[in-house]
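Only one structure is covered here, and it is reproduced in the block below.
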Amino acid sequence: MITLHAPDFRLDACLTSGQTFRWMAHGDWWHGLIGRHVVRVRQEGEMLSYEASEALSAEQVRAYFALDVDLPGLLRQIDVDMQVHAAIQRFRGLRVLRQDAWETLASFICASFNNITRIEGMIERLCQACGDPAALAGFRTFIFPDAETLAGVPERRLRALGLGYRAPYLRAAARRVADGRLPLAHLREVDYPTAKRALLACEGVGDKVADCVALFGCAQDAAFPIDVWMERVLRYYFRHRKITRAVAHDYAQRHFGPYAGWAQQYLYHDVRHQRATPPPTGRHASRAMTREAITI
DNA sequence: CGCCAGGTGCTGA
DNA sequence: TCAGCACATGGC
């Protein structure tokens, strides 16, 4: 077992905030994969411990959990209004993970117009059907199938896994990655608009999915995915008027700046968490936040 | 059973 | 540019 120092970090928030779909809680441990490595991780205070099925360096783990990011400095940049401030206070330590770009692209194609529970099931069946088996002690799982593999899977087989109309989109994206038309590794090196434009070339990838892949899979910290939840959150900055996602996205970019994606992750996790555990009275808090929103 | 889900592509104004 | 619509599926 290897232990690293992980200040300003909250593992459970990272793994339950809708940016990753395969981690499972097992007592104090979380079981999952980092790339092709089967891993279990556990947080105790400022310490993060892990075990892996094969050599997995501390640097790879640090990179995956974005522990190299100066979180206090970053939060200072996005802590620009009452609403995001409250989310930061509640979930300080939440970080945007640095996941594999292909797995992120494939996962978020499956995520479109879908709910998280079913997304998890679809991805798990996809891995069982097309991925290589792997294990860590008693934990057995399957590696996420690579693009070359999925490019050769017939659409009807993907439909049989429950992907529905997303099946042809996933197959086409796999082809595009496998044959090099979409150079995913390169998208970490270019600027955000360039990365997003490249992702949008895939069928079944619109603004929201492209932003998720850019943010979670390509280290594009400015990317700002807007789904139905974020649309509700952002409406609040416009005095609850109806707004198009394009307007909301443009506003968020200017309002939060180069780390807008991290603000998005805090707001998203916060609104989802509020639904799960509603606050006791909320009256004063919501009035204060409304007043703040109006002055923006 | 009806509504909803980390949307996208297409169409017609 | 933008609203309106179809699209598969299953969780709740």
Side-chain angles (χ1 to χ4, degrees), chain A residues 13-23 84 87 91 94-97 99 101 103-126 129 154-174 176 182 196-218 220-236 238 241-252 260-278:
Chain A
C14 292
L15 300 183
T16 61
S17 54
Q19 50 180 327
T20 185
F21 299 106
R22 300 199 64 203
W23 290 92
V84 74
F91 297 107
L94 168 61
R95 289 167 185 261
V96 172
L97 302 178
Q99 301 178 70
E103 178 172 345
T104 306
L105 173 59
S107 296
F108 279 93
I109 285 174
C110 295
S112 76
F113 196 38
N114 208 345
N115 63 70
I116 288 183
T117 310
R118 190 160 82 102
I119 296 163
E120 291 169 347
M122 282 167 46
I123 292 171
E124 210 50 47
R125 288 192 296 278
L126 184 66
E155 180 188 321
R156 63 179 179 283
R157 189 138 175 264
L158 295 176
R159 283 185 184 272
L161 298 171
L163 297 198
Y165 64 85
R166 307 165 190 83
Y169 294 153
L170 179 59
R171 190 170 143 82
R176 192 172 272 274
L182 179 59
K196 183 167 179 178
R197 202 175 321 123
L199 292 163
L200 286 171
C202 296
E203 285 178 82
V205 176
D207 285 312
K208 189 268 173 184
V209 171
D211 277 327
C212 284
V213 179
L215 179 62
F216 305 136
C218 301
Q220 295 289 349
D221 297 316
F224 196 95
I226 300 179
D227 71 327
V228 291
W229 294 95
M230 285 307 298
E231 197 174 321
R232 290 169 199 150
V233 169
L234 288 167
R235 204 169 275 174
Y236 186 84
F238 294 82
R241 283 173 297 183
K242 255 199 230 174
I243 46 165
T244 65
R245 290 193 181 188
V247 168
H249 190 272
D250 182 61
Y251 172 81
W262 292 64
Q264 178 277 153
Q265 200 57 23
Y266 273 88
L267 291 168
Y268 177 81
H269 189 51
D270 193 42
V271 66
R272 301 266 325 205
H273 197 269
Q274 278 177 30
R275 187 194 53 148
T277 58

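Reminder, nothing fancy here: chain letters follow the sequence lines and each chain counts from 1. Quick caveat, the model's predicted, so the values are computed rather than measured.
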*Quick one: does Y251(A)'s side chain get under 4.5 Å of I243(A)'s, heavy atoms only?*
no
*Nearest whole angstrom, please: distance from the C1' of dA5(B) to the CZ of F21(A).*
12 Å
*Would you find more than 12 non-hydrogen atoms of other residues, nucleotides or ligands less than 6.0 Å from E124(A) atom CD?*
yes
*Integer angstrom distance from the P of dG6(B) to that of dA6(C)*: 22 Å
*Take atom CD1 of I109(A) and atom P of dG7(B), then tell me their distance rounded to the nearest Å.*
14 Å
_If you compare all heavy atoms of C110(A) against all heavy atoms of L170(A), which two are closest, and at what distance to 0.1 Å?_
SG-CD2, 4.5 Å
*Can you check the I119(A) CD1 to dC4(B) P distance for me, whole Å?*
17 Å
*Rounded to the nearest angstrom, tell me the gap between atom CG in L94(A) and atom P in dG6(B).*
17 Å
*Just call it for E120(A): base, sugar-phosphate, or nothing, with non-hydrogen atoms closer than 4.0 Å on any strand.*
nothing
*When the nearest nucleotide of DNA chain B is assigned to Y268(A) and to Y169(A) on a heavy-atom basis, which residue is associated with the more 5' position?*
Y268(A)
*With heavy atoms under 4.0 Å as the rule, sort S17(A) into base, sugar-phosphate or nothing.*
base
*Can you give one letter per nucleotide of nucleotides 7-12 of chain C, going 5' to 3': B for a protein heavy atom under 4.0 Å from the base, S for sugar-phosphate only, - for none?*
BBBBSS
*Kindly say whether G217(A) contributes a backbone atom to a donor-acceptor pair with the side chain of E103(A) at under 3.5 angstrom?*
no
*Donor-acceptor pair, Q19(A) side chain versus C14(A) backbone, under 3.5 Å?*
yes
*Walk me through it: do L15(A) and L97(A) pass the test side chain to side chain contact (heavy atoms under 4.5 Å, CB included)?*
CA-CA 9 Å; L15(A) 300 183; L97(A) 302 178; 4.1 Å; yes
*What does Q265(A) touch in the nucleic acid at a heavy-atom separation under 4.0 angstrom: a base, only the sugar-phosphate, or nothing?*
base
_Going by side chain to side chain donor-acceptor pair (under 3.5 Å), D270(A) matches just one of R272(A), H273(A), Q274(A). Which one?_
Q274(A)
*Can you tell me if Y266(A) uses its side chain to pair, donor with acceptor, with the backbone of L94(A) under 3.5 Å?*
yes
_Any non-hydrogen side-chain atom of T16(A) less than 4.5 Å from a side-chain atom of H269(A)?_
yes
_Suppose you measure atom P in dT11(B) against the same atom in dA8(C); what distance do you get, rounded to whole Å?_
15 Å
*Starting from P on dC2(C), measure out to CZ on R245(A) and report it in whole angstrom.*
14 Å
*What are the two closest non-hydrogen atoms of A129(A) and R157(A), and how far apart are they?*
O-NH2, 3.3 Å
*D270(A) CG to dG6(B) P, straight-line distance once rounded to whole Å*: 16 Å
*I226(A) CD1 to dG6(B) P, straight-line distance once rounded to whole Å*: 16 Å
*Round to a whole Å and report the spacing from CG of L170(A) to C1' of dG7(B).*
15 Å
*List in numerical order all residues of residues 202-214 of chain A for which some heavy atom is under 4.0 Å away from an atom belonging to DNA chain C.*
none
*To the side chain of R232(A), which of dA5(B), dA3(C), dG7(B) is closest?*
dA5(B)
